[in-house]
Protein chains: 2
Amino acid sequence: MLGTPTRDRIAERREAVRAEILSAAWDVAREHGVAQLTLRSVADRVGMRPPSLYSHFDSKNAIYDAMFGQGWATYLEECHRYLPGLPAEPRARLRAIARHFFDYSVADPAWYQLLNQRVVPGFEPTAESYAPSVAVMELFKGQLAALGIADDAAVDIWVVVVGGLVDAQLANDPGGERYAALLDRAVEMYADHVGLPPATTREDP
Amino acid sequence: MLGTPTRDRIAERREAVRAEILSAAWDVAREHGVAQLTLRSVADRVGMRPPSLYSHFDSKNAIYDAMFGQGWATYLEECHRYLPGLPAEPRARLRAIARHFFDYSVADPAWYQLLNQRVVPGFEPTAESYAPSVAVMELFKGQLAALGIADDAAVDIWVVVVGGLVDAQLANDPGGERYAALLDRAVEMYADHVGLPPATTREDP
DNA sequence: GTCTATACTGTGATAGAC
DNA sequence: GTCTATCACAGTATAGAC
């Protein structure tokens, strides 16, 4: 009698093709904009005919959905990687968290548009793809709670300030530094508001 | 010899048709989303065939452009109408200005998306249509300057806070009140930051 | 001048051959 | 699983009736 293979080579191959398609989709989105993504452009990039994509994704929105889930999952990993190295001093830590999210978003507007705005007309993420974004939000809440910022409203205002900076940068000064230059000041405003103690360690010589 | 008519009835009629088309375009945008606006849907609503729209607008983007200019011009008038009635006390005045913009935006997401976000792929407003938006921005700057908030960075942070509230409301809690409820608190945070004096007059009995 | 009729290109999506 | 063929409908543009 034949044994059961421990690896499903077909499923692995299938998953690899899906990942290849998603990678191509991100390339197209970054190059031409999230909303300009077409099945033809993705198919061309992976060397397929457009209808062949339907063997791997049920629809164009299913591709968006997978991108949404993958985008948040990747950012979640990124957070787990850089958070341990951040300074412990509350204001410096807030600045670093905000700066990271801001830079990450501005460096990849397609990522921010798909994951944090509503630029794709009929697209609503499925519960499965939405899960990693909730995990990121919980992570942020935990970070703020560790600094003594516990109430939900204060967390929401944090989202407003950081998100507002990114939105303003992308909408009003794409490619510039106008709102990036305001980040530290905005974080100070927030830190004062939630009553964080003034910085204890000096940073300038 | 014939006299020259003081009214150009043809031009008036033409302008009326343009206004009718724009009104229909706004209806469609509000109903189905800014990006879902199609020439067919607009033509259907005004009782025309799609190609007839080209007699009044050079392209679909020209319609977006006219909507952009009209949207800001209308809001500018709205500002001139309500600003005189606002309280003079700085913090109350800031709250009122923020609340007005927030409510106006949330009540008409299509307006906010077209005028303050970048939801329409290839659309860039022309200089002419952009002018009224600059006028609104100058008006806001003047309002803040009258309260002693003069430096440009502080104005930018005002835009970040108010815009961030609207963005978060539309993206994270469409139809809800989650960020609307944080508006007064966010404005207080900003007022504290720019050093506005505490409110002098009591409002509660 | 204004509108209708029509054709052209490109898009998402489906059916069926292999 | 991938392909060819095809559909319905979007935006664009031209020709011609009135």
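Side chains are part of it too, since the values below use all heavy atoms of this structure and drop only hydrogens, waters and symmetry mates. First the proteins, then the strands, lettered A, B, ... as listed; each starts at 1.
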Query raised in the report: In terms of the nearest nucleotide of DNA chain C, which residue is placed more toward the 5' end: B:R40 or B:V17?
Result: B:V17

Report task. Just call it for A:I10: base, sugar-phosphate, or nothing, with non-hydrogen atoms closer than 4.0 Å on any strand. Result -> nothing

Query - Exercise: do A:D167 and A:Y179 side chains pair donor with acceptor under 3.5 Å - result: no

Query - Among C:dG12, D:dG11, C:dC3, the nucleotide that comes nearest once only the side chain of B:Y54 is considered - result: D:dG11

Query raised in the report: Heavy atoms under 4.0 Å, any strand shown: does B:P50 hit a base, just sugar-phosphate, or nothing?
Result: nothing

Report summary line: With the side chain defined as heavy atoms from C-beta on, A:L39 is closest, among D:dG1, C:dG12, D:dT4, to C:dG12

Requested in this report: Return the nearest nucleotide to the side chain of A:K60; candidates are C:dA13, D:dT14, D:dG1.
Outcome: C:dA13

Query raised in the report: D:dA10 P sits how many Å from B:R49 CZ, rounded?
Result: 13 Å

Report task. Give the nucleotide from the list D:dG1, D:dT12, C:dG12 with an atom nearest to the side chain of A:R14. Result -> D:dG1

Query raised in the report: Hey, what's the ring geometry for A:H100 with A:Y82, parallel, tilted or perpendicular (30° and 60° as the breaks)?
Result: parallel

Query raised in the report: If you look at every strand shown and take non-hydrogen atoms under 4.0 Å, does B:T38 touch a base, only sugar-phosphate, or nothing?
Result: sugar-phosphate

Requested in this report: Pick base, sugar-phosphate or nothing for B:L53, based on heavy-atom distances below 4.0 Å to the nucleic acid.
Outcome: nothing

